[in-house]
Each structure stands twice: as structure tokens, then as C-alpha cells.
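Encoded as C-alpha cells, the structure appears first; notes follow it.
Just the heavy atoms: all of them, side chains too, but no hydrogens, waters or symmetry mates, feed the values below. In what follows, every chain begins at residue 1, and chains take the letters A, B, ... in the order their sequences are listed. Here the structure is a predicted model, which is why all the values come from computation and not from measurement.
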Amino acid sequence: MVDQRFPKACRLLDSISYEQVFNKPAIRVSNKYFLILGNWTELEQARLGVIVAKKNIAKANQRNRIKRLIREAFRVKKSSFAPVDLVVMARKGLQLLENSECQPYIHDLMDEIVKKKPST
RNA sequence: UGAGUUGGCCAGGCAAUCGCUAGUUUUUAACUAGAGGAAAGUCCGGGCUCCAUAGAGCACAGUGCCAGGUAAUACCUGGGGGGCGCGAGCCUACGGAAAGUGCAGCAGAAAAUAAACCGCCGCGUUAUUCUUCGGAGUGAUGAGGUAAGGGUGAAAUGGUGCGGUAAGAGCGCACCGCAUGGGUGGCAACAUUCCAUGGCAUGGUAAACCCCGCUGGGAGCAAGGCCAAAUAGGAAUCCAAUGGUGCGGCUCGCACUGGAUUCGGGUAGGCUGCAUGAGCAUUACGGUGACGUGAUGCCUAGAUGAAUGAUUGCCCAAGACAGAACCCGGCUUACCGGCUAACUCAAUUA
């Protein structure tokens, strides 16, 4: 049984954690709808932070939907990651897509990160 | 059956697997609960918190038929006036224009102490025609009278008829309308097929200034309280003085500054505020109703880098607008469809 749980230990919980990722991102992958920054850590598991700006997605219920989508994708793939802090940012236009249309974009980017290894 | 009016309700359902937040317990698991009718816009009204115990006056803002409901309102209920609709019903910032100031394009003679463009009327002067020699008619012109008729306008100082007159005119009369006072009905707004008086004023605009009545102190949960790394030196209480400084837009006013005594103060961060409430359901009684009073039962989201979801299958009417952030009551706006009650109009059948 693969661990697919998503407790608070798997999330970035304060602005310090976010700033560490933004200051020197070792990982930077993106496509039309998402941008992912990441930083290798010494922790036991990967952690996720999500940013969906009001500027990009105007309606609150659409922002919630996209955040859930990103968390769900991370939750399913979590055990495949090396210890890493990720920040996923949503770009404009996502509110026009159905959930099933969005999923390939986020899954592809996460697969890309799974292939990478920490440069020791 | 069709068309319509008003009100109320629902907002995909079920199952399996994997998850999230909170609570409880026998705690590495199980059980329970987990967005809305608008959670939205932040347009009003409150609660709560601090500022001064939240006061007085001015200014400013809001509000505006009457009565009631409510914690309160700009909301709701009932009623009145006006307008629209065949009707059920709908709309209505609906106080004051005889306190003052201002404004009114075009058209029109004139838009406010009314006014004479055309027309109508007699009078004077003059030309001319006719004449029974008294005058009569026509044209031009002058000073007047006239609000009947025409024409302009959204609006032109009551309407119709008769009398009256040179022509006219509420100039007089009748009826209708209007105003004022009284009576009557109504808590009131107001109504009045009641009575009297008045020939009739007082044009419109107050979502123009304004006047009048009523209401409003300010800031907001990033309020405020507690614990507290860092950092800076002050903070609280009492007494004295009435000079200085500061404080909602201003004034009254209030606070601080001085001295003495005491020792904590407070940013990041954390905790709290933060879920028992103007609460919900059922029911009885009072009330036309909004609603109130009582009884019984229930506890029903509480996140904080921010939970309430994903996948699969089945069913149907094929799922819109949209996400709590201190909490309530309203209003407004967005919205796929569907259900339901009462009523109105039209047609058909009996």
C-alpha cells in the first residue's frame, strides 16, 4: 500500500518556508498553465505549497478548485518524490478548463521533477 | 386548455476506494460533524470591542404620506393619496413653492407684478363709393377696448350653457370643478352624494439652493485581550499647578506634561476573541398582518499558506450562479432547471 496521505507535515506552513524556495530555486519547470519552483531539503519527505493569485484567477470558487487539483496531484505522487520543497503557481486561463483537461499539465510537470535527483 | 399575477420550496442522488479539517473515545485506529440561497456586492441597520462615562452646541451627512412591527433600519406589515393595467395586481424620495434666492433650450406676441401677433369691437383723422342729404359702406392710419376664436408650447391664469355687452370678460346666474372654514367618519394619513362662505386666488421646478420635522460621536475582529525572542528607555498610581502640548470637522470639554512612590514594558511569533445565538424545529394562544408570548425538544462548519475534495460505476428531469473568515437582520445583484399554492383574464365543453 502506497502512502497517499497529505498531513500538515507535507505542506509549507509559513512565509519563511516559501521565501527559502523563492530565493534560490534549484528546480524550475513550467508550461502554459503552471510554474513549479523547488528546493532540495534534508527532511524525510517532500512538501508542497500552492499559490493561486487573485490577479490570475478572479473567482474564489475557481481558486479553490485549482488548489484542490494541485494538492490532489501531489498527494497521489508524493511517495515518488525525493525530499524537496515545491511551490506550484497557477497561471491565467485555468478557470476556463475542466478538471480532466487540467490534470495532464500538472502531472507532466510533477513527473519531470520525479526524474530529477538532488545534486549533492 | 391557453395567457398571466403573487407567494413559497428544491439547488443532482446513491455506492465503493483514496484523502482533508474539527471533535469524542477504549488514540498509530474507529465514530460523528463539515459552505450558500445568494456564503457575493459592502448599499443600509444592529450586536460586540476600543477610543472619554459617548455628553452639549454648531457644522456635516442621512431621511421624509400615516400607523404599527423590531435590537435597529433606508427593512417588513397594514392603511391613505397619485399613476398604470380589462383584471388578479404592479409602480410611487409621496413634507413645504401665500419665508427668501435661483432656473426654464426650441417654438411663441407673451413663460410670471402676465401678455395684444392675427382676429373681434366701437371712436378720431383721411381717401373714396352710394344716398331718400339724416347718413350708410369700403380702404388706409392713430390712440384705445377685448383673453370669446386662431396659432406656439410639456405648460398660456377653471369647464359647459344662458344672460349680458360696442366687442368681450365670473361681469351676473345655473350645473360641474376648485379653495377656505365647520360638521361627520377614522388613532392618523385622509375621506366626505353633509353644511356654509368665496368668483377663483396660489403656474412649474425643492433627485436647484433652501425651510421644517426626525435620525446619526468616531474607528473597526488587521477591533480588543493574554503570553512573550529581539530592540528602545519608559510605564502605572497618588499629589500639585492652570502655563505648555495633544485630541473625532470646530467650540465647550477631556487627556497628557511637573514632583513623589512602585516595577516592568513590548515587536516578530503564539494563544484568545471564535461559534449557545435578537439560534433552529414543533406546537398552543393573541393579532387583519409584520410579529409577540408560552411550552417541549435540539446543538447545527469554525479553517488561519487557510479544510469540506478526487477517481470510478449506476440512475434521472443531465446539474446554473457560485466558496464561510467576528456574528446577526435587511436590501441589491448573479442564476440551469424544476415543483407547488392562491388568484385573474380568455376560449371551449356541460
Between A/Phe34 and A/Tyr105, ring centroids under 6.0 Å: no

Between atom [atom1] in [X] and atom [atom2] in [N], what is the gap in whole Å?
| X | N | atom1 | atom2 | value |
| --- | --- | --- | --- | --- |
| A/Glu72 | B/A307 | CD | P | 14 Å |
| A/Lys67 | B/A303 | NZ | P | 16 Å |
| A/Lys54 | B/A325 | NZ | C1' | 12 Å |
| A/Leu69 | B/G323 | CG | C1' | 17 Å |
| A/Ile70 | B/G305 | CD1 | C1' | 13 Å |
| A/Phe74 | B/A310 | CZ | C1' | 16 Å |
| A/Ile51 | B/G305 | CD1 | C1' | 8 Å |
| A/Leu86 | B/G305 | CG | C1' | 15 Å |

The side chain of A/Arg71 lies closest to which of these nucleotides: B/A307, B/G305, B/G309? B/A307

For [N], give its Watson-Crick or G-U wobble partner with both distances under 3.5 Å, or none.
| N | answer |
| --- | --- |
| B/C103 | B/G204 |
| B/A278 | none |
| B/U152 | none |
| B/G4 | B/C343 |

CG on A/Leu97 to SG on A/Cys102, rounded to 0.5 Å: 4.5 Å

B/U300: syn or anti, per glycosidic angle within 90° of 0: syn

Rounding to an integer number of angstrom, what distance separates B/U157 and B/A169 when you compare their P atoms? 14 Å

Residues pairing under side chain to side chain donor-acceptor pair (under 3.5 Å) where one sits in residues 64-74 of chain A, two or more places apart or in two chains, turn out to be A/Gln62-A/Arg65, A/Arg65-A/Asn99, A/Glu72-A/Arg75

So, is [X] near the phosphate of [N], with a side-chain N or O under 4.0 Å from OP1 or OP2?
| X | N | result |
| --- | --- | --- |
| A/Gln103 | B/A310 | no |
| A/Arg11 | B/C20 | no |
| A/Arg68 | B/U308 | yes |

Please name all residues satisfying salt bridge (Lys or Arg N to Asp or Glu O under 4.0 Å) with A/Lys77, sequence neighbours left out, ordered by chain then number. A/Asp111

So which of residues 56-65 of chain A are in contact with RNA chain B, with a heavy-atom cut-off of under 4.0 Å? A/Lys59, A/Ala60, A/Asn61, A/Asn64

